[in-house]
Amino acid sequence: MTYSGAAQTPCTVAVTGAGGLNLSPDAVYANNVDAGTANASYDFGGDANHQGSHDAATFEIGKATAI
């Protein structure tokens with residue numbers, strides 16, 4: 001992806017588990033506007049039947065071409 005001046009939000013999250021657990025929480029982003037390395041993460045606090053989970057990933061935003 002290339003710098004556009006807008007926040008980049010390319011990641012999706014899926015939390016699945018036994019008994020039909022199937023959630024799609026929103027990713028939480030950091031540093032996702034300017035060119036460089038951006039971060040996405042999520043936290044699932046768990047419920048009565050499932051332990052909580054957390055994950056994070058990075059992605060690159062490339063520099064835009066000057067016109």
State, to 0.1 Å, how close [X] and [Y] come at their nearest heavy-atom pair, and which atoms those are.
| X | Y | answer |
| --- | --- | --- |
| N32 | A38 | CA-CB, 3.8 Å |
| T2 | A64 | CG2-CA, 3.6 Å |
| A27 | A40 | CB-CB, 4.4 Å |
| T37 | E60 | OG1-OE2, 2.6 Å |

May I ask you to decide if the ring planes of Y42 and H54 are parallel, tilted or perpendicular, using 30° and 60° as cut-offs?
parallel

Would you give the length of the straight line joining atom CG of D34 to atom CD of Q8, rounded to the nearest 0.5 angstrom?
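Interatomic distance, D34 CG to Q8 CD, rounded to 0.5 Å: 10.5 Å.
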
Side-chain touch L21/N49, heavy atoms, less than 4.5 angstrom:
no

Please check if the number of heavy atoms outside D26 that lie under 6.0 Å from its CG is greater than 12.
no

Decide whether V28 and F59 are clustered together by the hydrophobic rule: side chain heavy atoms of Ile, Leu, Val, Met, Phe, Trp, Tyr closer than 4.5 Å, transitively.
no

Is there a path from I61 to V33 through hydrophobic residues (I, L, V, M, F, W, Y) whose side chains come within less than 4.5 Å of each other?
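In one cluster: no.
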
For the backbone of T16 and the side chain of H50, can you confirm whether one donor and one acceptor N or O come within less than 3.5 Å of each other?
no

